[in-house]
Trainee: 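Below are the structure tokens for one structure; questions will follow.
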Amino acid sequence: MDNLLDFFSNINASAFTFDLNYIADKVVPVLNKGLWVSLSLIVPSVILGFIFGVVIGAGRVFAPPRIRRLLDLHVTLVRGVPLLVQMFIIYYGLPSIGIRFEPYVAGVLSFTICTSAYQAEYVRGALMSISQGQIKAAQALGFTAFKSVVWVIVPQALRRALPGCGNEVIYLIKYSSLASAIVMMDLTGEAVGLASQEYKYTEVYVMLGAYYLAITSAATLALYFIERRTAIPGFGRLAAGATK
Amino acid sequence: MNPENYVLCARNLHKSFAGKEILHDVSVAVGKGETKVLIGPSGGGKSTFLQCLNFLIHPDQGDVFLDGRKINSANKRELYDLRQQVGMIFQDFNLFDHLTAEGNVSIALRKVKGMSKKDAHARAIHELDRVGLSRRADHYPAQLSGGQKQRVAIARALAMDPKVILLDEPTSALDPELVGEVVAVIRKLAAGGMPMLLATHQMDFAQALATEIIFMEKGRIIEQGVPEALLAPGARTRTQDFCLSLNQMGNQNSMQLCCHSQAAPSPSAPEE
Amino acid sequence: MQGSFFPYSIMIEAFSEFFANLGDNLLLLVKLLPVLLKGSGITVIVVAGAMLFGLTFGLPLSVVQVYGPKPLRWLVSIYVWFFRGTPILVLLYLIFFGLFWMLNFHFNEILAVILIMGMTSTAYQSQIFRGSLQSIPAGQLKGARSLGMSDFQAIRSIILPQALRISIPGWSNEYSIILKDSALAYAVGCKEIMSYAKGLAIANGNLALAIYILAGIIYLIITIIGLWGLRRLQRKIRIPGYSHA
């Protein structure tokens, strides 16, 4: 009991500051700088991650069994190991065998590897959800294999994969904060640097959180509108409520 | 049977899956204005046979002729041409779920036949009108009833100007009260002289439309002949047995039609 | 081009050096392994603690979000929005330094991490349970009420047993996410796998790659063991004919 009292008497509320001027003068300009670095990491990683995700996901459905097993293993490994470990392997580990990357390259590389594995999972699920009947109907109308992919399989699969892939983009936005661990001066990196200068942790980190919340909320909203615009009654995720 | 006299002709088709024989030496031909009806127990090979005709399933052996010309299915061009000219109606409709009724009908016109968007749209609306659904053109499959879906599927097939239509149990997946609207459309097609090959369990329907009934079981054709002959009272054919067994399972419709058919005089042995 | 990007000669040199001293290097790795394993213990404690914390608070939150009054539902939504929209690393910094530190709340890093990750997991788990609760057909609640159960009784003894079963796949997912997130705890000085791995890699530069790969393998093993356990649990409480989609 005494311990507990000690513990609470240690709490020093006066140390708790929230300096609005400091936020306006110092925190916001620094975070804005970091924001651009974060975006420069996120955007290429999202694009590359989606491209590779489609390739890996399609491979896991259509490739010959041996390649399929290899891709399955790849996805399991990447999804089973923390992103931080992958980044450390690439940025701090590989130099021990002579492979060195710029922090930016290492960041985009590890984000792309990681996010593409997750995207591949959604792409694979979407492709597998397309029924044989849809493909047969296209064939019966004289569609070539290529045309049935372009006009039937892809439009359906993309819609089914969209919610998952969109979520994955939001995850990537959040996990881009790990770039600070490989000395990138992204949002988080700048914030950590600034916080260690004047120990105004609360101001800096509250604002840092606000920045990420703003980005992820905007992305969530954008995803919602894209989903709504591309939604088809009774198709995919909206199946339950849409019919009559 | 000489393929040259028929629109679509299959000769000596064989098909096995994993060592199990699904089709054994099946030959069927459909001529101008003819409606041939495949009946028989489920799993008897009817569906496989129909899908072999446009090579959705590739037969192990045997030939398919369209307008007397043998199809070389290894030639992609020829294969796609065949499929454009042979309409197919599936049991579970297989409408493209991401497209409206209009989109379902027009997509192949545009992407396969290369029609302009405007022409394809006009044609699609025309075909939907023929099946009584032009007002549903903007509906997606999930917003249509089963009967409406199947009518859209028929419009989709008709829009391609097929020379013959294959119907794989077109009413089996429908609620009983929705069967009528689809049957009406198919009857109209038959009356218009569209050559058809129809697999069905609906005996009344089969009897009313068929120029010939083909009874299939275990991948073989057991009997075939005009309905009046196969279903005549006391005909003692396999077809009639099958028909009676459907009755016992409570199919009142077919009982009436099978047993009290206005039917023809002499039971004749299956052809060939 | 490729030659300049991948310095093969250096790689070959590094590999041949590694293998030339294979005995020594392997011996060193084996000596380092117990250190990493010590970190694994902390990782497991953090993950188990955060999962339990999230279960304890996430379940009531989900019930509130589905069956509770509107103002409470909004409060829960705001909580969930905050913890799901902010990166876990930022949450660690924000709460550990921005809140605890500033309040002079210097308590054990492990406890702090469990608390922070637990609060985050509360948000995620509440959404897993919410999905499960909403997937239970309305007829179940009606059936329970028709037997004279109170809403509380109905939720406790009819709805939750079904919802929890449906939640296991989501829970497995959450487990592997928390485990991976726990790697970030080193950022606030928690002595788990990655903090040891980082220390070891700095001390033994030539083995950095091997050490981080070893760390990755340890995470994989913990993932596999945990998922295996959850699958067994799922099988054990399976009800015939009841879908666990």
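Chain letters run A, B, ... following the sequence lines, proteins first and then strands; every chain starts at 1. Keep in mind the model is a prediction, meaning the values are calculated, not measured. Values below: all heavy atoms of this structure, side chains included; hydrogens, waters and symmetry mates excluded.
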Trainee: Between chain C and each of A:V192, A:T216, A:T220, A:L84, count heavy-atom pairs under 4.5 Å; write down the option with the most.
Mentor: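 Answer, by heavy-atom pair count under 4.5 Å with chain C: A:L84.
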Trainee: C:G98 and A:Y205: which non-hydrogen atoms are nearest, and at how many Å?
Mentor: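 The pair with the smallest heavy-atom distance is N-CD1, 4.3 Å.
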Trainee: For A:T188 and C:Y93, work out which heavy atoms get closest and say how close.
Mentor: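 Closest approach of A:T188 to C:Y93, heavy atoms only: CG2-CE1, 3.8 Å.
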Trainee: Considering only heavy atoms, which portion of C:I177 lies under 4.5 Å from any heavy atom of chain A: side chain, backbone, both, or neither?
Mentor: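 Contact with chain A: side chain only.
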Trainee: Identify which part of C:F82 has an atom lying under 4.5 Å from any heavy atom of chain A, answering side chain, backbone, both or neither.
Mentor: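 For C:F82, the contact with chain A is made by backbone and side chain together.
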Trainee: Which pair of heavy atoms, one from A:Y212 and one from C:V90, lies closest together, and at what distance?
Mentor: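 Heavy atoms of A:Y212 and C:V90 come nearest at CE1-CG2, 3.5 Å.
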Trainee: Using a 4.5 angstrom heavy-atom cutoff, name the option from A:L213, A:I89, A:V206 with the most pairs to chain C.
Mentor: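 Highest number of heavy-atom pairs under 4.5 Å: A:L213.
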Trainee: So for A:Y211, is it side chain, backbone, both, or neither that comes closer than 4.5 Å to the heavy atoms of chain C?
Mentor: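 No part of A:Y211 comes within 4.5 Å of chain C.
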Trainee: Find the one option among C:I202, C:T223, C:L184 whose heavy-atom pairs under 4.5 Å with chain A are most numerous.
Mentor: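 Sorted descending by pairs with chain A, the first entry is C:L184.
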Trainee: If the test is ring-ring contact (aromatic ring centres under 6.0 Å, His included), which one of C:F97, C:F100, C:F96 qualifies with A:Y201?
Mentor: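 The option that passes is C:F97.
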Trainee: Is it the case that more than 12 heavy atoms not belonging to A:E102 sit under 6.0 Å from its CD atom?
Mentor: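 Open: at most 12 neighbouring heavy atoms sit under 6.0 Å from CD of A:E102.
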Trainee: Hey, are the side chains of C:K180 and A:L83 touching, using non-hydrogen atoms and a 4.5 Å cut-off?
Mentor: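 In short, these two side chains do not touch, never coming nearer than 4.5 Å.
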Trainee: With rounding to the nearest 0.5 Å, note down the distance linking CG in A:L208 to CG in C:L89.
Mentor: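 The CG atom of A:L208 sits 8.5 Å away from the CG atom of C:L89.
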Trainee: Which residue out of C:T86, C:I95, C:I193 racks up the most heavy-atom pairs below 4.5 Å with chain A?
Mentor: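 Counting heavy-atom pairs under 4.5 Å, the top option is C:T86.
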Trainee: Chain A heavy atoms under 4.5 Å from C:A201: which part of the residue, side chain, backbone, both or neither?
Mentor: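 Interface part for C:A201: neither.
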Trainee: Could you work out, with ring-ring contact (aromatic ring centres under 6.0 Å, His included) as the rule, every residue matching A:Y92, not counting sequence neighbours?
Mentor: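 A:F88.
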Trainee: Under 3.5 Å, sequence neighbours excluded: what are the donor-acceptor pairs made by side chains of residues 174-181 of chain A?
Mentor:
from   : atom 1 : to     : atom 2 : distance (Å)
A:K174 : NZ     : C:R84  : O      : 2.6
A:K174 : NZ     : C:Y124 : OH     : 2.6
A:Y175 : OH     : C:D181 : OD1    : 2.4
A:Y175 : OH     : C:D181 : OD2    : 3.1
A:S176 : OG     : A:I173 : O      : 2.7
A:S177 : OG     : A:K174 : O      : 2.7
A:S180 : OG     : A:S177 : O      : 2.9

